[in-house]
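Bear in mind the structure is a predicted one, so any value in this text is a computation, not a measurement. Note on naming: letters A, B, ... go to the chains in the order of the sequence lines (proteins, then strands), and numbering restarts at 1 for each one.
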Protein chains: 2
Amino acid sequence: MTEKIRVMLVDDHDMVRKGLKAYLATEESIEWVGEASSGNEAVRIFAALNPEIILMDLIMEDGDGIEATKQILTQDPSKKIIILTSFYDDEQVFPAIEAGAMSYLLKTASSDEIIETIYKAHRGKTVIDGKVAQKLVSGMHRNRPFDQLTTREKEVLQLIAEGKSNAEIADLLFIGIKTVKTHVSSIFSKLEVADRTQAAIYAFQNHLFTKHN
Amino acid sequence: MTEKIRVMLVDDHDMVRKGLKAYLATEESIEWVGEASSGNEAVRIFAALNPEIILMDLIMEDGDGIEATKQILTQDPSKKIIILTSFYDDEQVFPAIEAGAMSYLLKTASSDEIIETIYKAHRGKTVIDGKVAQKLVSGMHRNRPFDQLTTREKEVLQLIAEGKSNAEIADLLFIGIKTVKTHVSSIFSKLEVADRTQAAIYAFQNHLFTKHN
DNA sequence: TTTTTTCTCCGTCCCATGACGGATCAGAAA
DNA sequence: TTTCTGATCCGTCATGGGACGGAGAAAAAA
């Protein structure tokens, strides 16, 4: 029999860790080398555990999965990381792929799919969940109006989304109110919204300034 | 030895179901009678499984946990339902308790806590997760400014949060623009915000109109 | 090089917005 | 009954917000 595949899990749900551990124990060719309950903990201990494959949750209290993925791959690019997240959180897919994750599964995936994905990752093959893949292709040619904004306009939009007035924005950016109004008008036409309130709503609905951009 | 406690799990994550099942199998006095992958499925099959305790996830694709909790307890009030959710989703705690759930756990809870909660629920004792409890007490005397709003004002605020102008709101509610402005001003003073944009931001940050209210 | 595009900046004009005051009506408390 | 409180409604008025036009500078294209 060949060498076992060394697998590590990073998830802040104890029951998920205990559960997946118990389930993977039934697989002869998989060896459970350890687990971490947060992204930061994973970065600290993965080298000692020396897993070949890391199952990584995204949303965790202490250090998110994307950051942990980056750091781990920086230290050891040979690690194969499978993202295993609860929801296809809108625009977390791109950052995860960019961070170097090999596969992207939803927790709604069946246990068999997870095992299959582990084997495929072991052979260097990528698996992307169907729903996530749809997001990807629709987002590939992402003509997001937001990306049409200039640097200055993005700054202004963020301040709008924080509830700032034009005068406040002018003070914060050390420019005239009239100039702010120009940027604001430009933002409206690019985002195809009518006023600053709709622009702020757009920012919130697209999670623009809540995470990494 | 006494009768085993009959337990059923409702969760749309296959790995959580398989995992918890494997883990609970180590408990002598707990019997796993079945599982459902959605709220609606749970309502359909719980009677046949005849569990004593139901572990219920909240966020599911097909029929959420709160609705399922209500329906199950309507059919059989003797069932003891333990909410087992991923995040303390802001204001889902109240509806869950109102629906008749006996306990409220987070999935970050340790497996031992879950087992302990099952035993306590079996003896009729309620367990509320610490973080959730904090939310509860801070929410008990919930001086949320939002609750200070009148019915009409809530309607207006929702339309503001949808990006509507005063004129559009007037048309939608069949009242004059001046009247709308009065409501709008009243909303601002109660929410302690300066303009409609900040009001919309308030609505989004408090998840006001995204779920049941 | 010149030309064109783009980004950033500032000005003028008009209207929706929001502050303030007041009227009407309904229900509760005296 | 009267009184009081609060919800809903409409008026007047000053101002911030948004549309439009344009200038200078720098980068890209010719």
- Nearest heavy-atom approach of A:Asp195 to B:Gly163 is OD2-O, 4.4 Å

- Task: Mind calculating the distance between CD (B:Glu153) and P (D:dT8) to the nearest angstrom?
- Result: 6 Å

- Message: Just N and O in the side chain of B:Thr179: are any of them under 4.0 Å from OP1 or OP2 of D:dT8?
- Response: no

- Note on the structure: Picking from D:dA7, D:dC9, C:dA19, the nucleotide nearest the side-chain atoms of B:Phe188 would be C:dA19

- May I have the distance from B:Ile169 (atom CD1) to D:dT8 (atom P), rounded to whole angstrom? 15 Å

- Item | Interatomic distance where NZ belongs to A:Lys190 and P belongs to C:dT6 [whole Å] | 10 Å

- Task: Mark yes or no for a side-chain to base donor-acceptor pair under 3.5 Å between A:Ser185 and D:dC20, with no hydrogen or angle criteria applied.
- Result: no

- Message: In this structure, how many angstroms lie between the P atom of D:dG16 and the NZ atom of A:Lys164, rounded?
- Response: 18 Å

- Item | Atom-to-atom span, CD of A:Gln198 to C1' of D:dG18 - whole angstrom | 13 Å

- Note on the structure: Whole-Å distance, A:Asp195 CG to D:dG16 P, equals 18 Å

- DNA chain D: 5'-proximal contact among A:Ser186 and B:Arg152 (nearest heavy atom): B:Arg152

- Query: Of all the nucleotides listed (D:dG17, C:dC7, C:dC20), which has the minimum atom distance to the side chain of A:Thr150?
  - Reply: C:dC7

- Closest non-hydrogen contact found for A:Leu173 with A:Arg152 is O-NH2, 3.2 Å

- Message: Does a side-chain N or O of B:His183 approach OP1 or OP2 of D:dC9 to a distance below 4.0 Å, or not?
- Response: yes

- Query: Which of the following nucleotides, C:dC10, D:dC9, D:dA7, is nearest to the side chain of B:Ile175?
  - Reply: D:dC9

- Testing C:dC10, C:dG21, C:dT17 for proximity to the side chain of B:Ser165, the answer is C:dT17

- Message: With a 4.0 Å cut-off on N to O distance, would you call B:Lys107 and B:Asp11 a salt bridge?
- Response: yes

- Item | Euclidean distance, atom CG of residue A:Asn166 to atom P of C:dG11 [Å, nearest integer] | 15 Å

- Task: Can you figure out which of D:dG18, C:dT8, D:dC9 approaches the side chain of A:Thr151 most closely?
- Result: C:dT8

- A:Phe174 CZ - C:dC9 P separation (whole Å): 12 Å

- Any idea which of C:dG11, D:dG18, D:dC9 is nearest the A:Lys181 side chain? D:dG18

- Quick one: do the A:Asn50 and A:Lys79 side chains pair a donor with an acceptor below 3.5 Å? yes

- Task: Name the closest nucleotide to the B:Lys178 side chain, picking from D:dT12, D:dG18, C:dT8.
- Result: D:dT12

- Query: Under 4.0 Å between a Lys/Arg side-chain N and an Asp/Glu carboxylate O for B:Arg17 and B:Asp12?
  - Reply: no

- Query: From the list C:dG18, D:dG18, C:dT8, which nucleotide is the closest neighbour of the side chain of B:Arg196?
  - Reply: C:dG18

